[in-house]
Amino acid sequence: MPELPEVESVRRGLQDRVTGARVSGVRVLDPRILGSTSQRRVPPEAVGAFAAAVAGVGLRAPERRGKFLWVPFVRPGEDPQSAPPAALTLHLGMSGQLRVHAAHDPVHRHTRAVLALGQDRELRFLDQRIFGHIGVDVLVPDGPDAVPRSTSHIARDPLDARWNAEATARVVQRSRAALKSVLMNQSVVSGVGNIYADEALHRAGVHPLAVPARMRISRIRRVLDESRSVMLAALAQGGTSFDALYVHVNGDSGYFERSLRVYGRDGRPCATCGGVIRRIVVGARGTHLCPRCQPAQRPRRS
DNA sequence: CGGCTCCCCTGTAAGC
DNA sequence: TGCTTACAGGGGAGCC
């Protein structure tokens with residue numbers, strides 16, 4: 001399940017391998033990978049349009065915000081200063097992988113799209129469940145940065161140098177939804193998915209169903225701080241490879257699974273207090289918590 | 001408009 | 001044993 005640490009690990013792998021490469025060919029093996037998360041049916045001309053948009057372009061260094069990846073490119077013979085900036089956009093969804101292969105390597109059966117790089121290498125997009133996406137988008141300004149237009153509603157993530165923890169905490173506090181759902185709202189704070197939301201809440205000692213509007217701002221700040229630090233720790237381990245659906249660009253796994261304290265550990269003892277870890281459902285997502293370390297919010301009398 | 005539910009999809013595993 | 005069903009989840013559409 002690629003979240004920020006996994007996507008950043010992939011971005012770093014791509015940075016070494018695709019920056020400066022020229023796209024010499026395009027193959028779309030499953031057109032659904034070009035669709036949106038809720039509209040997988042794409043018109044037949046979408047394949048040709050995608051291929052035409054990236055054919056011959058020169059790839060620049062990959063960028064990321066939250067779980068969204070993009071690779072800015074320069075079209076052949078175009079002046080980068082005057083042409084409208086654009087990028088190859090990538091989202092790994094649930095099971096997406098980006099792999100850089102020699103062109104003669106066998107093609108895995110979940111390969112959905114292939115970009116040939118130069119003469120003998122390929123960037124391959126694999127995605128078992130097709131929740132991911134590959135496309136092309138124009139870049140629009142966001143302060144000093146440029147982001148794909150389709151990503152402009154995505155908030156800065158906790159590893160962004162311009163992330164404002166204090167302002168984010170105030171936005172979170174305005175919500176009356178379950179704290180975990182707010183933490184996973186990518187327009188409030190990006191990059192946090194189901195695993196790291198559970199881990200951050202446990203480390204902060206806060207119940208996933210706590211209502212931000214009824215919390216002290218210091219508790220909200222603590223949860224955001226823990227989100228940042230747990231994702232930094234996971235990044236240092238190359239991310240979490242829970243079920244082999246997430247791997248690096250070279251096929252290696254991440255090693256943070258051994259450091260998870262609650263996610264996927266329901267019924268087992270909490271390493272902090274010895275209590276039994278429970279699983280509930282929050283916002284239709286499996287949610288893991290230690291009821292002793294993360295006591296429920298006191299109900300409000302009305 | 002905030003907040004919620006549903007749905008896209010496939011592989012795995014439980015149930016009958 | 002073999003089929004059917006439930007479940008996992010990121011994020012957007014659509015509804016109240």
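On a predicted model such as this, the values are computed, not experimentally measured, just so you know. Every chain is numbered from 1 and lettered A, B, ... according to where its sequence line falls, protein lines coming before strand lines.
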Any base atoms under 4.0 Å from [X], or only sugar-phosphate, or nothing? Heavy atoms, all strands.
{"X": "A/A284", "answer": "nothing"}
{"X": "A/G283", "answer": "nothing"}
{"X": "A/H133", "answer": "nothing"}
{"X": "A/S175", "answer": "sugar-phosphate"}
{"X": "A/R109", "answer": "sugar-phosphate"}

Take atom [atom1] of [X] and atom [atom2] of [N], then tell me their distance rounded to the nearest Å.
{"X": "A/R129", "N": "C/dA8", "atom1": "CZ", "atom2": "P", "value": "11 Å"}
{"X": "A/M94", "N": "B/dT12", "atom1": "CE", "atom2": "C1'", "value": "12 Å"}
{"X": "A/N185", "N": "B/dC4", "atom1": "CG", "atom2": "C1'", "value": "12 Å"}
{"X": "A/L209", "N": "B/dG3", "atom1": "CG", "atom2": "P", "value": "14 Å"}
{"X": "A/L29", "N": "B/dT10", "atom1": "CG", "atom2": "P", "value": "15 Å"}
{"X": "A/D30", "N": "B/dC8", "atom1": "CG", "atom2": "P", "value": "16 Å"}
{"X": "A/R176", "N": "B/dC4", "atom1": "CZ", "atom2": "P", "value": "11 Å"}
{"X": "A/D198", "N": "C/dG9", "atom1": "CG", "atom2": "C1'", "value": "12 Å"}

Check: Which of residues 62-69 of chain A have a heavy atom under 4.0 Å from DNA chain C?
Finding: A/K67, A/F68
With rounding to the nearest 0.5 Å, note down the distance linking [atom1] in [X] to [atom2] in [Y].
{"X": "A/M231", "Y": "A/L159", "atom1": "CE", "atom2": "CG", "result": "5.5 Å"}
{"X": "A/Y196", "Y": "A/S229", "atom1": "OH", "atom2": "OG", "result": "12.0 Å"}
{"X": "A/D160", "Y": "A/S190", "atom1": "CG", "atom2": "OG", "result": "8.0 Å"}
{"X": "A/E6", "Y": "A/K67", "atom1": "CD", "atom2": "NZ", "result": "9.5 Å"}

Next item on the list: Kindly confirm whether the side-chain ring of A/F131 is stacked on the base of C/dG9, judged by centres under 5.5 Å and planes under 30°.
Entry: yes
Check: B/dG11, B/dC9, C/dG10: which one has an atom nearest the side-chain heavy atoms of A/H110?
Finding: B/dG11
Checklist line | Closest to side chain of A/N194, choosing from B/dG3, C/dG10, C/dG11 | finding: C/dG10
For a quick test of reading the model: is some side-chain N or O of [X] closer than 4.0 Å to OP1 or OP2 of [N]?
{"X": "A/Y196", "N": "C/dG10", "result": "no"}
{"X": "A/Q128", "N": "B/dT10", "result": "no"}
{"X": "A/H91", "N": "C/dG10", "result": "no"}

Margin query: With side-chain contact (heavy atoms from CB on, under 4.5 Å) as the criterion, how do A/T89 and A/L69 come out once you've worked through the C-alpha distance, each side chain's angles and the decisive distance to 0.1 Å?
Written below: CA-CA 6 Å; A/T89 57; A/L69 260 183; over 6 Å; no
Next item on the list: Start with the C-alpha distance between A/R124 and A/V107, add both sets of side-chain angles, then the distance that settles side-chain contact (heavy atoms from CB on, under 4.5 Å), and finish with yes or no.
Entry: CA-CA 9 Å; A/R124 299 178 184 171; A/V107 176; 3.9 Å; yes
Check: Okay, side chain of A/D157, backbone of A/G191: is any donor-acceptor separation there less than 3.5 Å?
Finding: no
Item checked: Comparing A/I130 and A/S181 on DNA chain B - which has the more 5′ nearest nucleotide -> A/S181
Checklist line | pair A/R112-A/L126: side-chain heavy atoms closer than 4.5 Å | finding: no
Margin query: What I want to check is whether an N or O donor and acceptor connect the side chain of A/R285 with the base of C/dG11 at under 3.5 Å.
Written below: yes
